[in-house]
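Notes to accompany the following structure.
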Amino acid sequence: MNLQNGNEKTNPESCGVIVGSSGTTKCDRQEHQSGPHRWSSSDTHVFLYDYTEPTKIVLDVCGTCFEQITDKNRAEGAGSAKFCAEHIAPLKAWYLARNGCKKCGYEGPHNLLNYDMMWHDGDIHCGRCGAYVRMYDAG
């Protein structure tokens, strides 16, 4: 299905409906798919919008298969509100590459050390083994 709202599509196979409040972001869901409208800046940052009111964000729906996320198909940990258990693997890989401890593999929670109040930055260290994970910058 395709809603007609007077805007050219960026991809001829995509829905092309304007989503969100910017007035320029277009749905990148395939035209033949049903369910919420979709826009993503990458495979890990997926935003879903209501089918009938594309300015409203929809939560607890998988960004890949558009199925409602329930206790039966819910994934564990980061991203479990955006992807079902079957489709969370790419987000998990991205999340672990950035936030997982390289030494022991612990996903967190981690500790913020050496925080500088003036610059609002510090170091994230593993909550299990204490190894350096990444820098933290609030700004």
Side-chain angles (χ1 to χ4, degrees):
M1 272 198 247
N2 183 27
L3 297 177
Q4 298 296 322
N5 65 354
N7 297 290
E8 302 92 31
K9 300 175 189 178
T10 53
N11 175 351
E13 297 176 5
S14 70
C15 172
V17 170
I18 299 290
V19 294
S21 59
S22 72
T24 59
T25 305
K26 296 181 182 180
C27 175
D28 60 18
R29 182 194 74 203
Q30 295 297 306
E31 188 171 24
H32 67 277
Q33 290 176 316
S34 60
H37 294 286
R38 176 186 192 275
W39 178 78
S40 64
S41 58
S42 69
D43 288 341
T44 56
H45 297 300
V46 174
F47 301 93
L48 299 177
Y49 296 89
D50 187 76
Y51 181 78
T52 55
E53 205 169 323
T55 57
K56 290 188 177 180
I57 288 184
V58 175
L59 302 174
D60 281 337
V61 175
C62 178
T64 302
C65 66
F66 306 117
E67 294 293 321
Q68 187 73 36
I69 296 174
T70 63
D71 289 341
K72 197 173 189 179
N73 68 351
R74 185 176 306 280
E76 295 290 320
S80 59
K82 289 188 172 190
F83 296 98
C84 67
E86 184 179 342
H87 297 110
I88 200 159
L91 179 87
K92 279 285 195 186
W94 171 84
Y95 180 82
L96 287 175
R98 176 164 163 71
N99 297 302
C101 178
K102 310 306 185 260
K103 185 175 178 184
C104 72
Y106 187 56
E107 291 183 35
H110 298 308
N111 302 315
L112 175 59
L113 303 176
N114 307 321
Y115 183 73
D116 186 314
M117 293 285 283
M118 182 174 174
W119 298 105
H120 302 285
D121 62 7
D123 302 315
I124 303 291
H125 286 260
C126 179
R128 180 186 291 159
C129 73
Y132 177 82
V133 174
R134 64 178 171 86
M135 72 168 285
Y136 170 79
D137 186 353

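No experiment lies behind these values; they were computed from the predicted model shown.
Closest approach of Trp119 and Asp137 over heavy atoms only: O-OD1, 4.3 Å. Of all heavy-atom pairs between Ser80 and Ile88, the closest is N-CD1, 3.9 Å. Closest approach of Glu107 to Leu96, counting heavy atoms only: CG-CD2, 3.2 Å. Minimum interatomic distance between Val58 and Asp50 (heavy atoms only, all atoms of both residues): CG2-N, 3.2 Å. The two residues Val17 and Pro54 make their nearest non-hydrogen contact at CG1-CG, 3.8 Å.
The distance from the CE atom of Met135 to the CG atom of Leu112 is 11.0 Å, given to the nearest 0.5 Å. Ile124 CD1 to Tyr115 OH: the interatomic distance, rounded to the nearest 0.5 Å, is 10.5 Å. From Cys62, atom SG reaches atom CZ of Arg74 across 11.5 Å, with rounding to the nearest 0.5 Å.
Just one residue in the list Phe83, Trp39, Trp94 forms a ring-ring contact (aromatic ring centres under 6.0 Å, His included) with His45, and that residue is Trp94.
For residues 116-136, the set of pairs meeting the salt bridge (Lys or Arg N to Asp or Glu O under 4.0 Å) definition, not counting sequence neighbours, is empty.
Between His125 and Tyr132, the angle of the ring planes goes over 60°, which puts this pair in the perpendicular group of the 30/60° scheme.
No continuous path of ILVMFWY side-chain contacts below 4.5 Å connects Leu113 to Tyr136, so the two sit in separate hydrophobic clusters. Transitive grouping of hydrophobic side chains (ILVMFWY, heavy atoms separated by less than 4.5 Å) keeps Val133 and Leu91 in distinct clusters.
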Distance-only check: which donor-acceptor pairs under 3.5 Å involve side-chain atoms of residues 65-72, not counting sequence neighbours?
from, atom 1, to, atom 2, distance (Å)
Gln68, NE2, Asp60, O, 3.0
Thr70, OG1, Lys72, N, 3.4
Thr70, OG1, Asn73, OD1, 3.3

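A heavy-atom distance below 4.5 Å is found between the side chains of Cys101 and Cys129.
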Practice item. Go through the steps to decide whether Ile18 and Lys26 satisfy the test side-chain contact (heavy atoms from CB on, under 4.5 Å), and finish with yes or no. Key: CA-CA 4 Å; Ile18 299 290; Lys26 296 181 182 180; 3.8 Å; yes
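Counting non-hydrogen atoms of neighbouring residues, nucleotides and ligands closer than 6.0 angstrom, the NZ atom of Lys102 exceeds 12 such neighbours.
A distance-only check finds a donor-acceptor pair linking the side chain of His37 to the backbone of Tyr51 [under 3.5 Å]. No donor-acceptor pair under 3.5 Å is formed between the side chain of His87 and the backbone N or O of Gly63. When atom types are taken as modelled, the side chain of Arg29 and the backbone of Pro36 share a donor-acceptor pair closer than 3.5 angstrom.
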